[in-house]
Amino acid sequence: MVKQYVSLAARVLRKYRLYSAINVLGLAVGIACCVLISIWAREELAFDGFHENADRIYRINKVYTPTTGGRELHALTPGPMAGALLDEFPEIETATRILPSWGGMLLVNGETSVASQDVLFVDQSFADVFSFQMVRGDRSSALTTPASIVLTTSMAQALFGDEDPMGSVVVGGGDFDYTVTGIIEDTPDNSHLRYNALVSWSTIESTADLLNYSFLERWLPQTIYTYVMLRDGTSAGAVDAKLPDFTATHLASRADQYSFYLQPLSDVYLQSRDVLYQRSMVQGSGQSVRALGLVAFLILLIACVNFTNLTTAQATRRAREIGVRKSLGAHRRQLVTQFLAEAFALAGLAAIVSTVLLEASRPLFNALTGKEAAAFFWVRPDILLSLAAVWVLAGFLGGLYPAVVLSRLQPARAIKNVTRTKRRGGLQTSLVTAQFAAAIVLIIASATVIRQMDFVQRTDPGFDREHVVVLPVGRTGIPNQLDAFKAELLESPGILAAAATSDVPGTSLSSYSVLPEGRSADEGIISDAVFLADTDLLNAYGMQMASGRFFDPNRPADSSAIVVNEAMVRSLGWTDAVGKRFDRVGEDHQGTIIGVVKDYHQASVHQEVAPIFFALERRIGALSVRVADSDVSAALGAMRTAWERFEPRYPFEYSFLDDDFAALYELDRRLMKTLSFFAILAVLVACLGLFGLAAFAAEQRTKEIGIRKVLGASATSVVTLLSRDYIRLVLVAFVIAAPLGFLIAQRWLDGFAYRINVGPGTLVIAGIAVLVTALLTVSTQAIRAAHNDPVKSLRYE
Amino acid sequence: MSESDDQPQLGEPIYELRGVSRSFGSGFNEAHVLKGISLDIAQGEFVSIVGPSGSGKSTLLNIMGMLDAPTRGSCYFMGQATHELSERQRVKIHRKHIGFVFQAYHLIDEMTVYENLETPLLYRKVKSGDRKSKVADMLDRFNMVAKKDLFPEQLSGGQKQLVGIARALVIEPRVILADEPTGNLHSSQGDMIMDLIRDLNRNDGVTIVQVTHNERYAAYGHTVVELLDGSIDSVSQVAGQSVQSD
Ligand SMILES: Nc1ncnc2c1ncn2[C@@H]1O[C@H](COP(=O)(O)OP(=O)(O)O)[C@@H](O)[C@H]1O
Ligand SMILES: [Mg+2]
């Protein structure tokens with residue numbers, strides 16, 4: 001019996017090739033999308049999960065509520081916090097501190113030098129909290145003695161080649177000797193924390209006095225990261241509950257502004273979009289994971305709906321066969337089995353085709369995720385298992401409904417083929433409507449993302465971000481000879497200005513605590529972002545002054561002056577800021593505000609323009625060079641020549657500011673690409689199903705159309721007749737989808753401080769796009785039917 | 001033929017129809033297709049049902065074949081009221097005793113001749129070995145061994161109807177219900193099919209109920225029942241034909 005079912009199924013599939021192909025293709029595409037998205041989503045969700053104690057590890061973040069209003073999340077914590085936590089909280093097993101070296105570090109071994117982006121100063125306990133694998137060296141002591149460095153495998157390879165680096169000396173940051181005490185695995189792809197090398201914390205402590213690193217013992221400013229590992233069986237909630245008291249004890253004056261909390265390690269990667277000041281850490285987007293998860297589900301749903309609809313439509317033309325089989329003594333169960341077997345064969349075929357699609361879409365997958373998938377990346381037990389699950393699910397969805405409906409047909413009628421199935425069953429209509437509603441929602445969502453990204457592109461950042469070349473000189477010796485270097489650059493006619501700054505727009509700034517004039521020392525202190533710059537900042541970036549003036553190289557007194565932005569003035573509730581005093585807390589530094597810079601976007605448009613103040617101070621991270629747009633390559637050549645003369649140890653590096661700025665929206669852009677890609681696929685899959693249904697309807701109504709034509713109906717009226725139903729259906733789908741799509745799009749836009757509105761235009765365009773696509777699909781069939789020779793179609797009788 | 005105990009003797013009634021009515025639709029649209037048909041058919045009898053198109057012949061045959069049920073009245077098959085049977089029992093009797101032959105053959109297009117013949121046996125859960133020999137017997141008997149792997153569309157009308165009859169016969173039914181079996185055939189093919197049906201009746205004792213429009217073919221039977229507008233207009237014995245009782 002089974003053999004007969006299988007060979008019969010194969011013949012039926014072959015006989016109705018078009019329907020089988022549509023069915024298999026649609027479902028295969030649905031399955032492939034779903035698998036691709038879930039592979040990606042699972043990797044995102046599993047970030048940092050490889051640490052043995054991942055479930056007990058937390059990062060300490062804080063909620064900062066400036067007295068001037070607003071609310072920010074920071075990842076930065078005070079230097080003494082780790083020690084104090086360990087002393088006072090029995091729940092905490094280990095606490096570890098991390099301080100990324102500012103601007104990276106140049107590491108040198110003899111003639112070889114390598115710029116490393118992420119060099120972290122870490123406690124020895126780093127090795128207890130995290131499970132990164134040590135390849136060489138003693139895990140329990142490698143980071144103990146001052147001036148110890150642990151290199152990653154790649155870094156060791158780059159610096160030492162085939163030599164044994166253990167015990168060798170590496171020169172870091174120009175003049176400091178580190179001893180290699182270990183080799184650690186390269187940062188795993190799924191670690192939010194990035195490193196090229198780890199340096200022992202005791203190194204900072206041993207040089208703290210020398211360099212006046214007061215942040216180690218003081219609770220302000222807050223510049224380091226603290227991670228804790230709780231004891232087994234203790235809860236983060238218990239620690240969180242006691243943290244306010246802890247803050248009140250150690251930071252009495254600021255307890256109402258700082259509220260520390262534990263962020264689970266599993267959330268750090270995906271749920272930190274709003275957390276500021278994360279250096280040497282990568283971020284994902286939990287929102288994208290949720291959005292694409294929904295998309296995957298919708299596409300699979302659409303494909304399964306197709307499958308159900310097409311198999312049902314397909315099966316109704318076999319009513320006669322069912323009647324005959326009943327007359328031959330078929331029991332209902334046997335008929336149900338037969339139809340299920342066919343559906344399973346079809347779904348099985350789709351599952352197989354989907355694996356081919358998966359392999360073929362590997363380059364696409366890599367482009368969408370920014371990762372590198374290996375060949376046959378989908379051959380994994382979990383994926384094969386879910387393929388099998390989808391196979392069974394689709395088989396049942398596609399087979400059960402037609403099987404049950406058809407096997408219930410009254411045999412005497414079925415044989416006569418008077419199965420007056422109304423033109424389309426109620427279920428079928430609702431399924432197709434749901435399908436199109438899902439497609440419209442996806443289109444509204446992706447259209448919104450595309451429009452917002454366009455808006456972001458066109459938003460005036462408040463400065464001229466084009467034609468600015470950024471030289472990352474922070475880790476080189478160039479800042480020591482800054483004036484000479486700048487002078488040499490400016491000799492090149494293509495170079496208009498150069499400004500040395502701590503950071504550049506698009507990166508996060510550090511923060512200083514200051515006491516603005518007119519506020520009491522008790523509660524008036526604010527912590528805000530500080531942009532350290534030289535006097536050429538405005539020339540290099542083209543920012544505008546709102547009032548007052550910027551730092552003047554000819555006025556030595558400006559070294560203690562302060563410039564603020566308009567947001568700062570607003571947040572302090574001032575009308576005129578110029579002339580007001582602005583004192584740095586903890587430093588013997590009293591300044592006067594000399595000017596107000598017009599607001600510009602230092603961060604992405606996700607965030608409101610934050611208060612910033614500018615100080616004329618040399619802590620140089622980068623040199624921003626404004627070039628004339630006439631000959632950028634000559635200007636770059638001049639920069640290279642100067643660089644190589646001033647800093648021969650260190651390879652010339654540069655980037656364009658607008659590229660760096662674009663990187664801010666990398667996650668958004670990736671969401672835009674993936675979302676619009678899958679939205680289009682969803683519409684195509686839905687239309688594939690519609691095409692099948694329309695072809696079927698046209699075929700079913702061949703006789704009716706023939707009669708109408710004999711009676712004088714025009715081709716146009718026949719096309720209208722056949723398409724009318726579908727228009728109504730898309731309209732109903734639109735009514736359902738428009739509010740839903742609106743809500744979803746609006747929700748996403750909430751993540752932007754500066755954003756478009758989802759206007760009726762977007763909704764209507766999405767509806768029209770789907771309507772037109774649906775009509776094109778349907779009318780191909782309708783037109784074919786309308787042009788059939790009526791006599792031929794009637795001769796069937 | 002099977003030797004089961006419930007095998008009725010030749011001449012005993014196989015069908016007893018008592019006031020069988022069938023109507024379709026309801027209210028204004030209600031169509032009374034059969035109006036109180038009472039009819040006895042004996043085991044081994046060969047009955048021809050004639051009458052104008054739309055008079056209810058096919059409906060009557062479907063009720064006898066348990067593909068349809070009367071709205072009023074009852075139909076006894078081998079002494080059992082069909083309306084008292086469960087769906088399961090009905091399918092069981094149906095499978096065992098009743099073979100259908102249709103005007104439009106109604107072979108299953110996607111299956112070969114062999115598979116068409118095998119299908120009723122599969123539904124009866126006949127073992128593979130028995131199935132093979134029974135199908136082989138039928139192919140032999142109807143000279144279709146060479147055609148067993150062909151699909152219906154590769155056969156002529158007469159050949160299709162041969163397969164249709166072979167398929168009805170393969171389960172060794174007690175009765176064959178044939179709805180205009182020659183309706184789509186040329187006269188030479190028609191004669192061949194009718195001769196075959198008569199042989200089944202004479203030599204194997206299979207009860208035949210056929211619907212026909214052809215007077216000559218109607219006369220192949222013992223009894224001719226004429227339907228007119230849902231009622232029996234006349235029942236006549238065909239001269240020179242009587243139920244064989246040897
Ligand atoms: N399933 C049905 N639903 C409604 N009317 C039916 C159905 N089957 C048969 N009829 C009607 O019953 C009448 C008799 O049909 P039928 O038994 O096929 O007649 P015959 O076989 O004598 O030509 C016809 O008018 C037909 O339209
Ligand atoms: Mg008829």
Side-chain angles (χ1 to χ4, degrees), chain A residues 1-17 19-20 311 314-339 341-343 345-346 404 406-420 795-797, chain B residues 22 24-25 33 58-69 87-112 114-128 131 151-153 164 167-168 170-171 173 176-177 179:
Chain A
M1 200 94 192
V2 172
K3 201 178 123 248
Q4 214 209 18
Y5 284 148
V6 172
S7 71
L8 183 68
R11 283 184 211 146
V12 169
L13 297 193
R14 210 175 318 131
K15 179 164 175 188
Y16 302 108
R17 261 175 238 105
Y19 296 97
S20 310
T311 36
Q314 169 61 24
T316 53
R317 73 163 123 208
R318 292 169 65 189
R320 187 188 63 94
E321 175 193 334
I322 292 161
V324 172
R325 285 180 180 277
K326 284 200 167 175
S327 83
L328 297 179
H331 205 276
R332 235 181 104 185
R333 204 176 334 108
Q334 290 165 316
L335 291 173
V336 170
T337 314
Q338 184 195 331
F339 280 95
E342 288 181 20
L346 212 56
V404 168
L406 289 172
S407 63
R408 209 188 278 150
L409 284 181
Q410 215 234 329
R413 281 168 164 231
I415 292 174
K416 283 190 166 172
N417 233 340
V418 290
T419 52
R420 268 187 310 150
R795 212 180 286 148
Y796 269 116
E797 271 306 281
Chain B
R22 178 72 169 102
F24 293 105
V33 174
S58 296
T59 306
L60 182 60
L61 216 60
N62 285 335
I63 287 173
M64 293 168 75
M66 301 181 205
L67 297 181
D68 198 358
E87 160 94 20
R88 182 176 294 272
Q89 287 168 314
R90 225 174 4 242
V91 170
K92 210 168 148 197
I93 292 178
H94 181 152
R95 274 182 193 169
K96 199 166 169 194
H97 298 300
I98 301 174
F100 268 97
V101 177
F102 303 97
Q103 173 180 2
Y105 329 122
H106 289 333
L107 302 181
I108 296 174
D109 297 337
E110 289 82 18
M111 302 203 299
T112 62
Y114 185 95
E115 289 163 344
N116 264 288
L117 295 189
E118 192 185 24
T119 302
L121 298 174
L122 284 169
Y123 287 138
R124 292 181 79 187
K125 300 205 166 72
V126 174
K127 284 200 193 66
S128 164
R131 219 159 61 210
F151 286 92
E153 62 187 16
R167 184 178 64 179
V170 73
I171 57 162
I176 285 187
L177 304 172
D179 194 348

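A note on names: the letters A, B, ... follow the listed sequences, proteins ahead of strands, and every chain is numbered from 1.
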Notebook entry, point to check: Relative to chain A, which segment of B:Ile171 carries a heavy atom at a distance below 4.5 Å: side chain, backbone, both, or neither?
Noted result: neither
Check: So, for B:Asp179 and B:Ser58, which heavy atoms are closest and what is the spacing to 0.1 Å?
Finding: OD2-OG, 2.7 Å
Notebook entry, point to check: What part of B:Arg124 gets closer than 4.5 Å to chain A, counting heavy atoms only: side chain, backbone, both or neither?
Noted result: neither
Note to self: Which atoms of B:Lys125 are under 4.5 Å from chain A, going by heavy atoms: the side chain, the backbone, both sets, or neither?
What the structure shows: side chain
Item checked: Leading residue by heavy atom contact count with chain B [cutoff under 4.5 Å; candidates A:Arg14, A:Glu321, A:His331, A:Lys326] -> A:His331
Check: Under 3.5 Å, is there a donor-acceptor pair linking the side chains of A:Arg325 and A:Gln334?
Finding: no
Checklist line | Minimum side-chain heavy-atom gap B:His97-B:Met66 below 4.5 Å | finding: no
Check: B:Arg167: what forms a salt bridge (Lys or Arg N to Asp or Glu O under 4.0 Å) with it, not counting sequence neighbours?
Finding: none
Next item on the list: Could you pull out all residues at least two apart from B:Phe102 that satisfy ring pair (Phe, Tyr, Trp, His ring centres under 6.0 Å)?
Entry: B:Phe100, B:His106
Next item on the list: Go through the atoms of A:Leu335 and report whether side chain, backbone, both or neither lie under 4.5 Å from a heavy atom of chain B.
Entry: side chain
Margin query: Heavy-atom cut-off 4.5 Å, strictly under: side chain, backbone, both or neither for B:Phe151 against chain A?
Written below: side chain
